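Read the structure below first, then the notes.
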Amino acid sequence: MGDNIIIRVQSPDGMKKIPSTKRETAAAFLKKVAKEFGFSSNGFSVYLNRNKTGEILSQNKTLSLLKIKHGDMLFLFPSASSSSSGETMDTATPHTSSSLPSISSSSSSSSSSSLIPRSSSAPQVQEDEIDQYLAKQDGKIYRNRDPQLCRHGALGKCVHCVPLEPFDEDYLNHLDPPVKHMSFHAYLRKLTGGADKGKFAALENISCKIKSGCEGHPPWPEGICTKCQPSAITLNRQKYRHVDNIMFENHTIADRFLDFWRKTGSQRMGYLYGRYTEHTDIPLGIRAEVAAIYEPPQSATQNSLELLEDPKAAAVDEIAAKLGLCKVGWIFTDLLSEDTRIGTVHYIRNQDSFYLSAEECITAGYFQNQHSNPCRLSRDGSFGSKFVTVVATGGPDNQVHFEGYQVSNQCMALVRDECLLPCKDAPELGYAKESSPEQYVPDVFYKDKDKFGNDVTFLARPLPVEYLIIDITTTFPKDPQYTFTSTQRFPIENRDLLGETQDFHSLATYLSQCSSVSFLDIVSDFHLLLFLVTNEVMPLRDSIGLLLDAVKTSNEQLAQTWKKSEQWATIEQLCSTEGGQPSSSLGYEAMGGPAVPASSAAMWSCLHCTFMNQPGTEHLKPRSSRWLLKAEKDALVYIQMVQKHWCLEATESSSNNRGSEDCYFTELQWD
């Protein structure tokens with residue numbers, strides 16, 4: 001009886017006790033383990049230590065010779081080819097992207113965790129590149145040896161110099177300025193840093209809807225039970241944020257956006273396009289870098305702003321993706337001029353009024369739900385959002401300031417399930433809807449202090465929106481950066497109110513201003529690329545890929561290759577006919593514009609086609625405003641002219657300086 005021992009074996013599926021004896025061989029013991037856990041003889045490995053050291057091999061040595069005693073803990077790891085276990089155990093390096101366990105958020109607090117085992121059938125999600133990068137980083141805050149407090153050698157460590165975890169609140173509070181919210185990846189490390197390495201934690205999105213499939217009672221409003229009823233929500237300050245900093249690459253991006261308000265006095269809205277990078281000022285932080293602003297169709301006044309349907313939205317996202325950019329947020333103005341002579345504005349948003357109105361919080365929550373954050377640790381495949389909100393408004397010094405925000409995951413859930421409404425006369429207050437026969441709304445609470453300093457719970461009818469807001473620092477770099485290097489300004493889209501239109505006349509003007517500039521710098525303009533792809537006369541959506549690659553990689557050779565294409569030659573001809581023949585003194589020939597030989601000085605170009613005409617056909621007269629143009633490659637393109645146009649009175653054909661094709665216009669009959 002004294003030889004009988006019990007060995008504990010821990011696996012990803014749990015721990016089991018294996019009875020054995022001191023004289024039993026390792027090979028016989030491993031067969032017992034395989035039978036107990038349901039493995040084949042070569043589908044697993046057993047180690048003495050958790051970090052996969054001291055492997056127990058199938059041999060004839062007894063357990064006593066291997067120094068395995070009664071009550072010892074061994075560690076089983078399935079092999080890569082084994083499929084009986086959905087995941088491997090956590091090793092000594094728990095912060096790699098392959099070993100980060102799941103965490104959870106209950107419906108009452110987005111930062112709490114529920115003890116739910118991770119499922120091996122979790123969805124396969126392609127996370128953002130920045131998330132994959134940060135998941136592999138150490139993240140610890142390393143400190144130098146303190147000469148006064150440290151009493152050890154150069155290679156030793158003590159409590160005064162040991163590395164800190166990235167979620168250390170004391171360290172974050174002593175930064176300048178203090179950091180109220182830890183980064184999202186630091187929050188993950190906090191939840192997965194315990195003894196169980198986060199094995200029983202899972203990220204869960206909050207739901208405010210009744211769970212479907214409950215058959216024990218009639219559907220709402222006739223019946224409801226605790227199984228299908230959503231939990232009440234108590235609003236808390238979110239301890240983490242998905243984005244820790246917003247940075248505009250240069251001041252030109254913001255200045256061009258503000259020009260609309262400066263010239264019209266109306267507010268303006270735009271989408272921020274850029275990329276996510278590491279923010280080194282905060283442990284495991286994420287920065288949203290803004291490279292361009294796209295202004296969608298909108299109707300705006302001094303006090304209101306309404307978004308209109310945008311038929312080009314998909315094309316803009318596609319172009320941005322090919323340029324290595326994505327939609328990282330949205331920006332809007334809330335400016336009221338104080339003194340136009342010195343350029344000051346009123347300080348409107350402050351602690352005495354509001355920072356974001358309830359309606360703006362709901363809009364931000366709507367956008368964040370549209371652009372959810374891919375997360376493989378969530379059962380839904382997404383958790384939270386990196387989509388940011390930027391407000392251009394007056395600051396304490398009566399100058400224009402840019403303030404960055406996000407709304408919490410709780411606000412996202414309330415907006416997604418249509419449980420939050422704005423107050424008509426109080427922009428700083430929201431209102432949680434009441435349940436109706438059409439919709440059940442869970443109770444929403446928030447905590448505040450009464451006049452005696454005691455914590456009191458209030459029903460969120462109404463609700464101060466400060467409980468929903470997360471502020472983000474918005475900055476400009478000391479050394480400007482430029483994803484788009486063009487020094488000239490191509491007109492911004494959807495600014496017809498200012499008389500700024502995107503057409504081939506404005507393109508010809510833009511090209512004529514770019515003298516002595518490389519072709520890559522000429523086309524390196526986000527708004528110009530959008531026009532080339534989305535214009536109605538000659539869209540280049542299917543043939544501009546090479547040019548986008550050239551701009552993305554700053555490759556002049558690729559740009560020159562695309563410049564020689566037939567599409568760019570046609571664009572040049574359309575520009576020359578819209579704005580007249582460009583003068584070589586403006587440098588247009590150097591950029592690829594057509595050079596007119598001296599012998600053809602008497603020839604002239606038609607305003608509406610790509611052909612040069614012989615002398616003798618100069619007589620014009622006004623005709624119909626709609627024309628059918630015979631373009632190159634026998635393609636028929638319908639053109640709706642905005643202004644009064646002209647056509648040739650003569651019926652004879654005029655020769656083309658490129659070949660023998662004829663140039664003519666045919667008048668169309670319209671009902």
Side-chain angles (χ1 to χ4, degrees), residues 241-276 286-308 310 312-313 316-317 320 325-336 345 348-349 354-357 359-371 385-395 399-407 469-477 480-481 483-484 489 492-495 497-498 526-527 530:
R241 55 188 177 188
H242 291 271
V243 175
D244 304 281
N245 180 261
I246 304 170
M247 186 186 76
F248 289 83
E249 286 189 345
N250 51 76
H251 287 275
T252 304
I253 300 173
D255 287 339
R256 295 196 66 186
F257 176 72
L258 294 177
D259 280 344
F260 185 89
W261 171 80
R262 294 190 182 110
K263 296 177 180 179
T264 65
S266 299
Q267 308 304 329
R268 195 65 173 169
M269 177 268 182
Y271 291 117
L272 306 176
Y273 281 88
R275 60 186 69 85
Y276 296 106
I286 294 178
R287 166 183 287 164
E289 293 186 1
V290 180
I293 299 177
Y294 168 71
E295 301 178 11
Q298 53 197 283
S299 175
T301 65
Q302 294 182 357
N303 303 315
S304 65
L305 195 152
E306 179 186 1
L307 290 180
L308 306 177
D310 186 6
K312 300 179 181 179
V316 176
D317 290 339
L325 307 176
C326 63
K327 192 183 292 184
V328 300
W330 68 301
I331 182 174
F332 65 93
T333 62
D334 184 15
L335 296 167
L336 180 61
V345 293
I348 302 173
R349 296 174 182 248
F354 60 91
Y355 294 101
L356 277 184
S357 68
E359 191 171 7
E360 292 160 359
C361 287
I362 294 173
T363 305
Y366 170 77
F367 283 139
Q368 289 182 206
N369 283 313
Q370 278 191 327
H371 303 85
S385 174
K386 296 192 190 77
F387 201 82
V388 299
T389 299
V390 179
V391 186
T393 185
Q399 299 296 322
V400 178
H401 285 227
F402 292 87
E403 307 294 341
Y405 302 97
Q406 277 192 308
V407 294
I469 298 175
I470 302 169
D471 61 312
I472 304 174
T473 305
T474 305
T475 59
F476 291 83
Q481 306 172 14
T483 298
F484 302 99
R489 295 186 175 186
I492 296 177
E493 57 283 338
N494 301 313
R495 286 195 174 184
L497 183 64
L498 290 178
F526 186 69
H527 307 286
L530 292 184

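Just so we're clear, the structure is a prediction, and the values are computed from it rather than from any experiment.
Contact record, Ile469 with Cys361: CG1-SG, 3.9 Å, taken as the closest heavy-atom pair.
Using a 4.0 Å cut-off between a side-chain N of Lys or Arg and a carboxylate O of Asp or Glu, Arg287 and Asp244 do not qualify as a salt bridge.
Side-chain contact between Asp310 and Tyr271 is absent, with no heavy-atom pair separated by less than 4.5 Å. In this structure the side chain of Phe260 reaches within 4.5 angstrom of the side chain of Ser266, judged on heavy atoms. Looking at heavy atoms from C-beta onward, Leu308 lies out of side-chain contact with Pro296 at the 4.5 angstrom threshold. Two residues are said to be in side-chain contact when any heavy atoms from C-beta on lie closer than 4.5 Å; Glu249 and Thr483 meet this criterion. Two residues are said to be in side-chain contact when any heavy atoms from C-beta on lie closer than 4.5 Å; Phe332 and Val391 meet this criterion. Contact check for Arg489 versus Thr252: side-chain heavy atoms found under the 4.5 Å cut-off. A heavy-atom distance below 4.5 Å is found between the side chains of Thr475 and Asn245. Considering only heavy atoms from C-beta on, Arg349 comes within 4.5 Å of Asp334 through its side chain.
Classified by interplanar angle (parallel below 30°, tilted 30° to 60°, perpendicular above 60°), the ring pair His371/Phe387 is parallel. Relative ring orientation between Phe476 and His251 is described as parallel, the plane-to-plane angle staying below 30° on a 0-90° scale split at 30° and 60°. Using cut-offs of 30° and 60° on the angle between ring planes, the pair Phe248 and Phe402 is tilted.
Residue pairs satisfying the salt bridge (charged side-chain N to carboxylate O under 4.0 Å, His left out) criterion with at least one member in residues 295-307, sequence neighbours excluded, are listed as follows: Arg268-Glu295, Glu295-Arg495.
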- Task: Could you walk me through whether Ser385 and Gln406 pass the side chain to side chain donor-acceptor pair (under 3.5 Å) test, one step at a time?
- Result: CA-CA 9 Å; Ser385 174; Gln406 277 192 308; 4.9 Å; no
- Message: side chain to side chain donor-acceptor pair (under 3.5 Å) for His527 and Glu493? Distances and angles first, verdict last.
- Response: CA-CA 7 Å; His527 307 286; Glu493 57 283 338; 2.9 Å; yes
- Test Asp259 against Arg262 for salt bridge (charged side-chain N to carboxylate O under 4.0 Å, His left out), laying out the working first. CA-CA 5 Å; Asp259 280 344; Arg262 294 190 182 110; 2.9 Å; yes
- Report the C-alpha distance between Val316 and Phe526 in whole Å, list the side-chain angles of each, state the deciding distance to 0.1 Å, and finish with yes or no for side-chain contact (heavy atoms from CB on, under 4.5 Å). CA-CA 10 Å; Val316 176; Phe526 186 69; 4.3 Å; yes
- side chain to side chain donor-acceptor pair (under 3.5 Å) between Trp330 and Thr389: does it pass, once the steps are laid out? CA-CA 5 Å; Trp330 68 301; Thr389 299; 2.8 Å; yes
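Checking Thr301, Leu336, Thr333 one by one against Gln267, the side-chain contact (heavy atoms from CB on, under 4.5 Å) holds for a single residue, Thr333.
Figure legend: cation-pi geometry between Lys386 and Tyr276, with NZ or CZ positioned under 6.0 Å from the six-membered ring centre and within 45° of its axis.
Shown here is Glu359, whose CD atom has no more than 12 heavy atoms of other residues, nucleotides or ligands within 6.0 Å. For Gln370, the CD atom sits in a packed shell: over 12 heavy atoms of surrounding residues, nucleotides or ligands are nearer than 6.0 Å.
With Gln368 contributing its side chain and Val407 its backbone, the two residues share a donor-acceptor pair below 3.5 Å.
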